[in-house]
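Labels below follow one simple rule: chain letters A, B, ... track the order of the sequence lines, proteins then strands, and each chain is numbered from 1.
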Amino acid sequence: MIVATWNVNGVRARTDAVIAWFTERRPDIACLQEIKTQDEGFPREAFEALGYHVETHGQKGFNGVALLSKEKPEAVTRGLPGGEGDEQSRYIEGLWRINGKPLRVASIYLPNGNPVGTEKYPYKLDWMARLERHASDLLERYEALVLAGDYNVIPEPIDAKHPQAWVEDALFRPETRRAYRRLVNLGLTDALRATTDADGTYSFWDYQAGAWQKNNGIRIDHLLLSPEAASRLSGAGIDKHVRAWEKPSDHVPVLIDLTA
DNA sequence: ATGGCTAAGGCACTTAGA
């Protein structure tokens with residue numbers, strides 16, 4: 001089965017492209033980020049017509065995450081635990097039962113954190129600490145778990161065309177990478193890096209300055225797997241061709257294949 | 001990327017993204 005993550009940069013502006021990709025790829029579970037709409041504005045009928053269940057955690061204008069799936073989830077929770085007064089919609093988690101076995105999948109839109117030096121950067125680091133605590137709790141369940149989304153983290157120099165240009169950026173600063181490593185070191189597997197060590201493997205290309213044409217990209221969209229999920233990993237990939245479509249998102253879908 | 005583009009809100013321009 002295919003589990004995918006995609007920051008669509010506005011699902012209303014992107015409905016045709018997102019539907020085209022769903023039709024082509026037919027993911028079993030898809031995690032969307034930056035839907036940029038409240039729940040009632042999500043074009044759910046278009047996806048239901050393709051046979052998908054739609055669960056949203058929207059917000060007016062910015063952020064917003066969703067879980068779309070062929071099978072109806074058994075349970076859904078909205079919001080990352082531990083965020084008293086956090087009004088930003090950046091986390092939704094679903095639980096499915098596939099052939100009697102639990103599969104838990106979260107759609108994550110981790111804060112960008114720029115500009116460093118404003119309140120946005122400590123908000124990012126605090127959010128990452130909350131995610132680490134929650135992941136630690138979930139791992140105690142010993143379930144197949146997929147934490148998928150736009151992490152806004154460049155894990156290693158190989159994950160950027162020009163890593164030196166990012167060293168002071170919130171996506172690549174040492175504190176950011178350290179927090180990301182703490183999360184991974186709980187026992188999670190970066191699905192894409194489990195299947196390839198190739199450089200030039202990116203999930204985001206800026207709209208500006210011909211970044212796409214020059215393959216000036218970064219890899220910031222990740223699927224992190226619990227041991228129970230990692231042992232079922234049979235492939236991982238990036239649907240890079242989607243970036244060349246009309247009116248594309250600046251991110252492309254990243255996906256994994258899990259054996260039953 | 002010290003920002004060249006894009007989406008959304010709401011109707012001229014600002015905010016946010018990475």
Side-chain angles (χ1 to χ4, degrees), chain A residues 5-21 31-43 46 56-66 86-91 107-125 127-128 131 148-177 179-180 200-222 238 240 242-254:
Chain A
T5 181
W6 190 11
N7 178 324
V8 296
N9 187 18
V11 72
R12 287 179 292 165
R14 207 80 59 210
T15 302
D16 289 351
V18 179
I19 287 290
W21 178 76
C31 306
L32 304 184
Q33 301 89 36
E34 278 206 273
I35 61 174
K36 292 187 174 180
T37 176
Q38 297 172 101
D39 294 335
E40 54 269 34
F42 194 98
T56 60
H57 183 35
Q59 180 180 338
K60 188 174 182 178
F62 304 104
N63 305 324
V65 288
D86 185 357
E87 299 297 319
Q88 301 191 30
S89 296
R90 297 180 173 275
Y91 188 92
S107 179
I108 292 168
Y109 181 42
L110 204 148
N112 175 295
N114 283 306
V116 173
T118 68
E119 73 289 347
K120 289 169 186 281
Y121 192 56
Y123 174 70
K124 175 178 191 156
L125 293 178
W127 208 93
M128 293 182 81
L131 180 60
D150 176 0
Y151 279 75
N152 273 313
V153 175
I154 302 166
E156 300 291 338
I158 193 178
D159 298 310
K161 174 83 165 199
H162 299 299
Q164 74 286 354
W166 295 93
V167 291
E168 296 299 328
D169 193 281
L171 279 63
F172 193 56
R173 284 175 60 91
E175 298 94 318
T176 304
R177 295 177 61 198
Y180 181 79
T201 302
Y202 308 131
S203 65
F204 169 92
W205 296 261
D206 201 291
Y207 288 122
Q208 303 178 72
W212 166 246
Q213 288 74 13
K214 296 184 232 174
N215 196 29
N216 179 12
I218 51 179
R219 190 176 73 94
I220 56 175
D221 299 273
H222 310 302
I238 298 181
K240 184 176 180 177
V242 172
R243 187 63 175 79
W245 287 358
E246 285 292 307
K247 278 174 59 81
S249 170
D250 37 11
H251 299 249
V252 295
V254 183

Residue pair A:Asn9 / A:Lys36, side-chain donor-acceptor N/O under 3.5 Å: yes
Distance-only donor-acceptor check, side chains A:Asp39 and A:Thr56, under 3.5 Å: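 There is such a pair between these side chains.
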Integer-rounded Å distance: B:dA7 C1' and A:Leu32 CG: 16 Å
Length of the line joining A:Gln213:CD and B:dC5:C1', which is rounded to integer Å: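 Rounded to whole Å, this separation is 12 Å.
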Main-chain N/O of A:Ala209 paired to A:Lys214 side chain as donor or acceptor, under 3.5 Å: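 Side chain of A:Lys214 to backbone of A:Ala209, a donor-acceptor pair under 3.5 Å: yes, one is there.
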Test item: A:Tyr91 side-chain N/O and A:Leu131 main-chain N/O as donor-acceptor pair under 3.5 Å: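 Such a contact is absent between A:Tyr91 side chain and A:Leu131 backbone.
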Gap between atom CG of A:Asp221 and atom OH of A:Tyr109 - 0.5 Å precision: 10.0 Å
Pairwise distance CD1(A:Ile108) to CH2(A:Trp127) - rounded to 0.5 angstrom: 5.5 Å
Nearest-Å distance once atom P is located in both B:dA8 and B:dT2: 26 Å
Same-atom distance (C1') from B:dT14 to B:dG10, integer angstrom: 11 Å
Close residues, residues 10-19 of chain A, relative to DNA chain B [heavy-atom separation under 4.0 Å]: A:Gly10, A:Arg12, A:Ala13, A:Arg14
Aromatic ring proximity A:Trp245/A:Trp21, centre distance under 6.0 Å: no
Parallel, tilted or perpendicular: ring planes of A:His222 versus A:Tyr180, cut at 30 and 60 degrees: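 Ring orientation, 0 to 90° scale: tilted.
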Under 4.0 Å protein heavy-atom contacts per nucleotide of nucleotides 10-18 of chain B, with B for base, S for backbone only and - for none: S----BSSB
Sugar-phosphate, base or nothing in reach of A:Ala170, heavy atoms under 4.0 Å: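 No contact.
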